[in-house]
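Keep in mind that what you see is a predicted model, and the values were worked out from it rather than measured.
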Amino acid sequence: MGKDAPINTQQSVALFCHSCKAIMAISSFYLYCFLSLWLGQALLLQASHHVYRNLQTSLVADSHHQVKEPYRTGYHFQPPKNWINDPNGPLIFKGIYHLFYQYNPEGVVWGNIVWAHSTSTDLVNWTPHDAAIYPSQPSDINGCWSGSATILPGGKPVILYTGINPQNEQVQNLAYPKNLSDPYLREWTKVPQNPLMAPTQANQINASSFRDPTTAWLGPDKRWRVIIGSKRDQTGFAILYRSKDFLNWVKAKHPLHSAKKTGMWECPDFYPVSIKGQNGLHTSENGPDVKHVLKASLDNTKREYYTIGTYNIHKDIYIPDKGSVESDAGLRYDYGKFYASKTFFDSSKNRRILWGWINESSSVEDDTKKGWSGIQAIPRKIWLDKSGKQLVQWPVAEIEKLREKEVKLPSSALKGGSVHEVLGVTAAQADVDITFEISDFKKAEVLDPSWTDPQLLCSQKGASVKGGLGPFGLLVLASKGLKEYTAVFYRIFKGHNNKYVVLLCSDQSRSSLNQDNDKTTYGAFLKVDPLHEKLSLRSLIDHSIVESFAGQGKACITARVYPTLAIDVDAHLYAFNYGTEDVKITGSAWSLKTAEIN
């Protein structure tokens, strides 16, 4: 479950006692029948949140019907009102995409969590349904937290999720569709033997740090495996469980993987990627042409890191490749606002799709006024880069069906110190895809060896700080006169051995005149060679969110911004170059139509 501070719907969690399980014991014959009908997969996600008890049920009457909602998005997933966080159990079933997500039906802050549910045929337009999973058993009576879906043999989906029991312990539960003939999967049934996995005195699992089961995978020994995030002291790890029938789970003696000084691993995700091309793989796939990805959302920093490595199926351990680490020196899906992410295999198009929660950067007071908090990022196709050393992400192709009114940027030199407005697009709701080309690198600033933190470097060298090669890029959600703008841009430095270093920045420092917002600047180093490659930049702009994809998806930064002047028709879009060296620019911009969402 996605995170913002403390924990749990009803409070923090203590040690687990196994009393709930006895309540739900059923005959071995029923168990046998159930598991023979359902063999399956598992679960994911979760986090901690600031608890505002006075606001957890503070409904804002018809807030989504207010005439002016300048920050509500036009094509990002969000419900009409209230709080959302982690995407849960995404899947495709009978040609219908399903997204479940953590939702507070009664207020704009975290609390009262249920699994809300929407469906789509194109990942763009979404239809809401009643909550799929909500507190109803002792094993989840204090909250239904994050989890994952697994598609069992025969195409049958099941969900593993974290529940909070009467003792406020985190335990793992199973649910399955009530009616498989319903492609919308509108009703779910919980197995009466829940919880299936729980902390005990014998297993010594931390009952307050045991959550977010992943999608399960099936090994060559016909046993299912699933991992669940946990910690001991400040060592984060992925607890491994195995099962022959998806009902009776046995904890392995060792975790799948662990890392010191990383704290609680929330929302772990573990999946295979192909070393040959961009196609996705089923979660149970393994072999010589396969690498594996392990992602953890770190509760301590509220950042996500992933490693690429090898999964030894015989020893049931994951070994990251050399140099692949779970720390600030490691790899992230997104270097801005992006947390509690979850992937799934889209079998209809042989691709793996990534969902992620984008929380607000506004104050709780402002969230209460607007009546909602949280959105989901645009779903992204994700695959292994040809280098084998990182992942690549790109917005799903379906989003392009919203494009209209293309404006082509004529191939021209963007002079040093210049700003050019891109006219003819709805700048508050747009898709911009441009390329920069540099021919003369003599004026590149020398990279100081101490400049190892890209976010800090972007903060020190924001868009207004002139340089040699850069800053150049886009000023989005900008007001006339540039009193407000969000700058997404590049800088190029000369590193050691005459190699050039490319820095991507998203500078929110001047995004709004409202000083109550978090206007943190984000940054990432981009693994491209500007001597031999053009620098591409694609930005999806949607009223209060800017998702940027650099280097054809090698680095991504998502920002939340809340301009007071650059709203709707008063928003402008500019290309700029505040460096001293000219930069060639080409590309296109499109207005985007509004999607039908919930």
* Should D366 and Y71 count as side-chain neighbours, where that means a heavy-atom distance under 4.5 Å? -> no

* Pair R560-T486, side-chain donor/acceptor within less than 3.5 Å -> no

* Residue pair I358, D334: steps toward the side-chain contact (heavy atoms from CB on, under 4.5 Å) verdict -> CA-CA 11 Å; I358 315 298; D334 193 298; 5.8 Å; no

* Quick one: does H420's side chain get under 4.5 Å of L414's, heavy atoms only? -> yes

* Got a donor-acceptor contact below 3.5 angstrom from the Q390 side chain to the K554 backbone? -> yes

* Asked: Would you say S512's side chain and Y562's backbone share a donor-acceptor pair under 3.5 angstrom?
  -> yes

* **Any donor-acceptor pair under 3.5 Å from W383 side chain to R351 backbone** => no

* When rounded to the nearest 0.5 angstrom, what is the spacing between CD1 in I353 and CZ in F345? -> 10.0 Å

* To do: Work out which heavy atom in G462 is nearest to a heavy atom in P471; give both atom names and the distance.
  => O-CG, 4.4 Å

* To do: Walk me through it: do F100 and I133 pass the test side-chain contact (heavy atoms from CB on, under 4.5 Å)?
  => CA-CA 9 Å; F100 307 90; I133 298 175; over 6 Å; no

* Asked: Measuring from D568:CG to L477:CG, what's the distance to the nearest 0.5 Å?
  -> 10.0 Å

* Any donor-acceptor pair under 3.5 Å from E421 side chain to V419 backbone -> no

* Side-chain donor-acceptor pair present, E406, S588, cut-off under 3.5 Å -> yes

* Once you round to the nearest 0.5 Å, how far does CG of D431 lie from CD of E547? -> 10.5 Å

* Would a 4.5 Å heavy-atom cut-off, applied to side chains only, mark I545 and T558 as touching? -> yes

* To do: Report yes or no: do S539 and S548 form a side-chain donor-acceptor pair below 3.5 Å?
  => yes

* **Pair T564-N514, side-chain donor/acceptor within less than 3.5 Å** => no

* To do: State, yes or no, whether a side-chain contact exists between R538 and P395 at a heavy-atom distance under 4.5 Å.
  => yes

* Less than 4.0 Å between a side-chain N and a carboxylate O, is that true for R352 and D269? -> no

* To do: Using distance alone, with no hydrogens and no angle criterion, decide if S591 and E404 have a side-chain donor and acceptor under 3.5 Å apart.
  => no

* Structure fact -> Note: A216 and T283 closest approach over all heavy atoms is O-CG2, 4.1 Å

* Could you pull out the closest heavy-atom pair between G147 and W115, with the gap in Å? => N-CZ2, 3.3 Å

* Other residues, nucleotides, ligands: >12 heavy atoms within 6.0 Å of E533 CD -> yes

* Please examine the side chains of L294 and Y306, heavy atoms only from C-beta on, and report whether any two atoms are closer than 4.5 Å. => no

* Asked: Do other residues, nucleotides or ligands put more than 12 heavy atoms under 6.0 Å from the OH atom of Y574?
  -> yes

* To do: Evaluate the side chain to side chain donor-acceptor pair (under 3.5 Å) criterion for residues S274 and N279: first the C-alpha distance (whole Å), next the side-chain angles of each, then the deciding distance (0.1 Å), finally the verdict.
  => CA-CA 7 Å; S274 172; N279 281 351; over 6 Å; no

* Asked: Is a side-chain donor-acceptor pair under 3.5 Å present for S297 with E304?
  -> yes

* Structure fact -> For K405 and V425 the tightest heavy-atom approach is O-CG1, 4.2 Å

* Will you find, in the side chains of S362 and K370, an N or O donor that is under 3.5 Å from an N or O acceptor? -> yes

* Between the side chain of D507 and the main-chain N/O of R510, is any donor-acceptor distance below 3.5 Å? -> no

* Under the side-chain contact (heavy atoms from CB on, under 4.5 Å) rule, what do E69 and W372 come out as? Steps first, then yes or no, please. => CA-CA 11 Å; E69 288 189 284; W372 55 270; 3.8 Å; yes

* Side-chain donor or acceptor of R491 paired with backbone N/O of K461 under 3.5 Å -> yes

* Measuring from S341:OG to W357:CH2, what's the distance to the nearest 0.5 Å? -> 12.0 Å

* Mark yes when over 12 heavy atoms from residues, nucleotides or ligands other than K178 sit less than 6.0 Å from its NZ; otherwise mark no. => no

* To do: Apply side-chain contact (heavy atoms from CB on, under 4.5 Å) to the pair S120 and L99, showing each step before the final yes or no.
  => CA-CA 8 Å; S120 173; L99 177 64; over 6 Å; no

* **Expected output: side-chain T162 to main-chain R211 donor-acceptor under 3.5 Å** => no

* Asked: Is the Y101 ring parallel, tilted or perpendicular to the Y103 ring (thresholds 30°, 60°)?
  -> perpendicular

* Which atom names give the shortest non-hydrogen contact between V114 and A131, and what distance separates them? -> CG2-CB, 4.1 Å

* **L298 and W265, any side-chain heavy atoms less than 4.5 Å apart** => yes

* **Parallel, tilted or perpendicular: rings of F344 and Y97 (30°, 60°)** => perpendicular

* How about H282 and S347: do any of their side-chain heavy atoms sit closer than 4.5 Å? -> no

* Donor-acceptor side-chain pairing of N82 and N104 below 3.5 angstrom -> no

* Atom SG in C505, atom CG in L457: separation rounded to 0.5 Å? -> 6.5 Å

* Asked: Is there a donor-acceptor pair closer than 3.5 Å between any side-chain N or O of E484 and the backbone N or O of P563?
  -> no

* Rounded distance [0.5 Å steps], CG in N359 versus NZ in K337 -> 4.0 Å

* Asked: Does F525 CZ have over 12 foreign heavy atoms under 6.0 Å away?
  -> yes

* Asked: Mind checking whether I438 and F472 have side chains closer than 4.5 Å, heavy atoms only?
  -> yes

* Q376 side chain vs W355 backbone, donor-acceptor pair below 3.5 Å -> no

* Expected output: side-chain D367 to main-chain S373 donor-acceptor under 3.5 Å -> no

* Check Q102, H98, H117, K342 against N88 for a side-chain hydrogen bond (donor to acceptor under 3.5 Å, both in side chains) and give me the one that passes. => Q102

* Going by atom types only, do Q429 and H543 share a side-chain donor-acceptor pair under 3.5 Å? -> yes

* Structure fact -> Note: I399 and Y75 closest approach over all heavy atoms is CD1-CD1, 3.9 Å

